[in-house]
Number of protein chains: 2
Amino acid sequence: MNESVPVKTAKTTLDFVEAVAALDGATFAEITDAVEMPKSTAHDYLQTLLQTGYLVEDDGTYTISTKFLELGESHRQGMKIYQSARPEIEKLAEETGEHSSLMIEENGLGVLMHIATGENALQLDVYAGQRFPLSTTAPGKAILAHLPRERVEAIIDEHGLPAVTTNTITDPDVLFEELETIRERGYSTDLEERVDGVNTVSAPIISQGRIQGAITVGGPAHRITGEVLEEEIPSMLLRTANVIQVNITYS
Amino acid sequence: MNESVPVKTAKTTLDFVEAVAALDGATFAEITDAVEMPKSTAHDYLQTLLQTGYLVEDDGTYTISTKFLELGESHRQGMKIYQSARPEIEKLAEETGEHSSLMIEENGLGVLMHIATGENALQLDVYAGQRFPLSTTAPGKAILAHLPRERVEAIIDEHGLPAVTTNTITDPDVLFEELETIRERGYSTDLEERVDGVNTVSAPIISQGRIQGAITVGGPAHRITGEVLEEEIPSMLLRTANVIQVNITYS
DNA sequence: TAAATCTATCCGGTAATATCGGACGGGGGA
DNA sequence: TCCCCCGTCCGATATTACCGGATAGATTTA
């Protein structure tokens with residue numbers, strides 16, 4: 001075993017930042033409490049992070065700074081799939097009037113990269129960067145369907161198949177069967193599997209022989225049903241996915 | 001002098017992350033080079049950051065992960081001024097057809113918090129989280145105009161008055177005079193002071209007796225001129241700023 | 001196929017520094 | 001005015017970050 005990894009102080013630093021982020025505005029005492037450090041040690045970290053500009057003080061309370069937004073956003077801007085998909089997602093939201101989004105996979109979780117809302121879209125409080133278990137969302141399942149089976153198994157091992165509604169898939173066999181179906185018909189669905197009363201449909205973005213992410217349209221279950229669920233939205237998504245794939249390849 | 005601050009390893013960790021972010025996809029060797037560390041030390045940090053999920057590996061190259069987007073975005077979502085201003089900014093962009101944005105101040109710099117683009121908006125590659133010297137932008141000057149004079153002087157001391165176009169203000173006396181004008185008429189302008197060929201107009205958002213940020217509309221100098229520059233956009237901005245101020249206060 | 005070359009990973013001794021109890025000081029409340 | 005509390009600072013000590021060098025693995029060359 002390598003004794004030098006992890007660099008403990010590095011991990012401590014990041015944990016400290018996450019603790020402050022989770023508190024979302026806290027006093028010195030509250031932070032000291034949350035990180036379970038002696039006052040003096042917490043003070044050292046707090047001051048260091050203020051100096052480097054990763055945390056900011058405002059009238060006795062401390063929050064994370066906009067440096068995270070800067071790093072995260074500039075990285076996102078550089079991502080080909082984001083550049084290519086963003087305008088298409090916006091179009092989908094406008095045309096359908098519903099929610100539309102882009103998800104990618106990172107370390108076995110689904111990360112929302114962009115969200116567009118149409119005129120009649122539900123008020124869901126989701127945000128870019130937010131993470132979801134892949135098995136609980138339509139884009140997540142579209143991604144899983146195009147990963148090697150052993151990778152999917154590793155992801156299940158690590159993250160399990162958590163139930164977030166009564167419809168969520170929790171049995172690996174059921175999941176693998178569904179992934180097969182998704183590959184066959186080319187798109188995935190989520191029928192109230194993540195949020196009660198919400199249905200979504202997703203299509204995978206495949207480029208350079210690899211799954212790059214998935215695009216989604218979703219809305220209230222009573223609107224996303226029948227013809228709309230089985231024909232209209234899938235065909236829009238597949239058409240759009242194709243456009244995005246071409247954009248990625250030739251850019 | 002306090003010997004315990006900064007926690008050097010914490011600083012090193014953050015520097016490492018920034019180096020990787022700046023490279024935007026680099027091999028282990030390139031990173032080792034950029035951070036000027038022995039291979040073995042760089043390896044320790046790299047592995048630690050991979051384990052914690054702040055960096056990700058993709059086929060031999062390393063980039064920052066979407067954790068920064070997650071932290072940054074969730075923090076932004078929690079900001080009152082963002083919540084209040086965002087829909088108004090969108091409206092401004094749509095109504096004017098131009099660029100519209102929200103800026104706040106952090107550690108003496110202007111940070112863009114949201115950007116909306118109208119139909120005819122210029123293709124400027126700006127992004128949320130991006131930082132600008134306050135003196136070089138219309139919203140930055142609107143913010144400076146409502147900070148205490150000693151604070152403005154401290155900011156000038158720290159960041160200077162860098163010239164980015166031939167029109168940028170570089171003389172403190174000229175700046176202070178302009179800030180006076182801004183306070184009198186209630187809004188600020190940027191006439192090709194940051195980007196050649198681009199004019200912008202900004203109004204401050206003041207709440208709880210403090211400057212909270214500034215909203216902006218901008219576009220090509222030939223369109224943002226005359227009546228539009230001096231009447232139309234300023235009055236839209238002032239009206240919108242007022243709406244935002246009310247939103248912040250009662251939410 | 002083997003050798004050579006390069007790259008990434010691992011190990012362990014040592015110097016550097018993170019840690020934290022306790023002491024200090026300043027601002028707000030009684 | 002005094003007291004109390006909260007944040008800051010100090011310094012001795014144990015911890016651990018550091019890094020040269022050795023090893024394993026991948027990739028190219030002979």
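These numbers come from the heavy atoms of this one structure, side chains and all, not from hydrogens, waters or symmetry mates. Every chain is numbered from 1 and lettered A, B, ... according to where its sequence line falls, protein lines coming before strand lines.
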Could you work out, with side-chain hydrogen bond (donor to acceptor under 3.5 Å, both in side chains) as the rule, every residue matching Glu178(A), not counting sequence neighbours? Lys141(A)
Check this for me: does any side-chain nitrogen of one of Glu105(A) and Arg151(A) sit under 4.0 Å from a carboxylate oxygen of the other? yes
Output one line per pair: protein atom, nucleotide atom from nucleotides 14-17 of chain D, and distance, for all N/O pairs under 3.5 Å.
residue, atom, partner, partner atom, Å
dT16(D), OP2, Lys8(A), NZ, 3.4
dA17(D), OP1, Thr9(A), N, 3.1
dA17(D), OP1, Thr9(A), OG1, 2.8
dA17(D), OP2, Lys8(A), N, 2.8

Just the rounded figure in Å: distance from C1' of dG20(D) to CE of Met37(B). 16 Å
Is it true that Lys39(B) and Asp33(B) have a side-chain N and a carboxylate O under 4.0 angstrom from each other? no
Stems with DNA chain D, 3 or more Watson-Crick or G-U pairs in a row (under 3.5 Å), are C:1-30 with D:1-30
Mind checking side-chain hydrogen bond (donor to acceptor under 3.5 Å, both in side chains) for Asp190(B) and listing every partner two or more places apart, or none if nothing turns up? Thr200(B)
Quick one: are Leu23(A) and Tyr62(A) in side-chain contact, heavy atoms under 4.5 Å? no
What's the closest nucleotide to the Thr12(B) side chain, out of dC19(D), dG21(C), dC18(D)? dC18(D)
Using the 3.5 Å cut-off, write out each protein N or O paired with an N or O of nucleotides 25-29 of chain D and the distance between them.
none

Using the side-chain hydrogen bond (donor to acceptor under 3.5 Å, both in side chains) criterion, which residues pair with Glu73(B)? Sequence neighbours excluded. Arg76(B), Gln77(B)
Residue pairs meeting side-chain hydrogen bond (donor to acceptor under 3.5 Å, both in side chains), one or both in residues 129-140 of chain B, sequence neighbours left out, come to Thr66(A)-Arg131(B), Glu70(A)-Arg131(B), Glu106(B)-Arg131(B)
Go through the structure and list residues passing side-chain hydrogen bond (donor to acceptor under 3.5 Å, both in side chains) with Lys67(B), not counting sequence neighbours. Glu18(A)
List, with names and distances, any nitrogen or oxygen atoms from the protein found under 3.5 Å away from nitrogen or oxygen atoms belonging to nucleotides 5-8 of chain C.
residue, atom, partner, partner atom, Å
dA8(C), N7, Lys39(B), NZ, 3.4
dA8(C), N6, Lys39(B), NZ, 3.4

For atom CG of Asp44(B) and atom P of dA16(C), their distance in whole Å: 18 Å
Nearest-Å distance, CD (Gln51(B)) to P (dT9(C))? 12 Å
All ring pair (Phe, Tyr, Trp, His ring centres under 6.0 Å) counterparts of Phe132(A), not counting sequence neighbours: none
Measuring only between side-chain heavy atoms, which start at C-beta, is Gln212(A) closer than 4.5 Å to Ile206(A)? no
If I take atom CG from residue Leu112(B) and atom CD1 from residue Ile104(B), how far apart are they, to the nearest 0.5 angstrom? 10.0 Å
Roughly how many Å is it from CD in Glu36(A) to C1' in dC20(C), rounded to a whole number? 16 Å
Hits for side-chain contact (heavy atoms from CB on, under 4.5 Å) against Glu158(A), two or more places apart or cross-chain, chain-then-number order -> none
Not counting sequence neighbours, which residues clear salt bridge (charged side-chain N to carboxylate O under 4.0 Å, His left out) with Asp173(B)? List them please. none
Would you mind reading off the distance between Glu30(A) atom CD and dC6(D) atom P, rounded to a whole angstrom? 11 Å
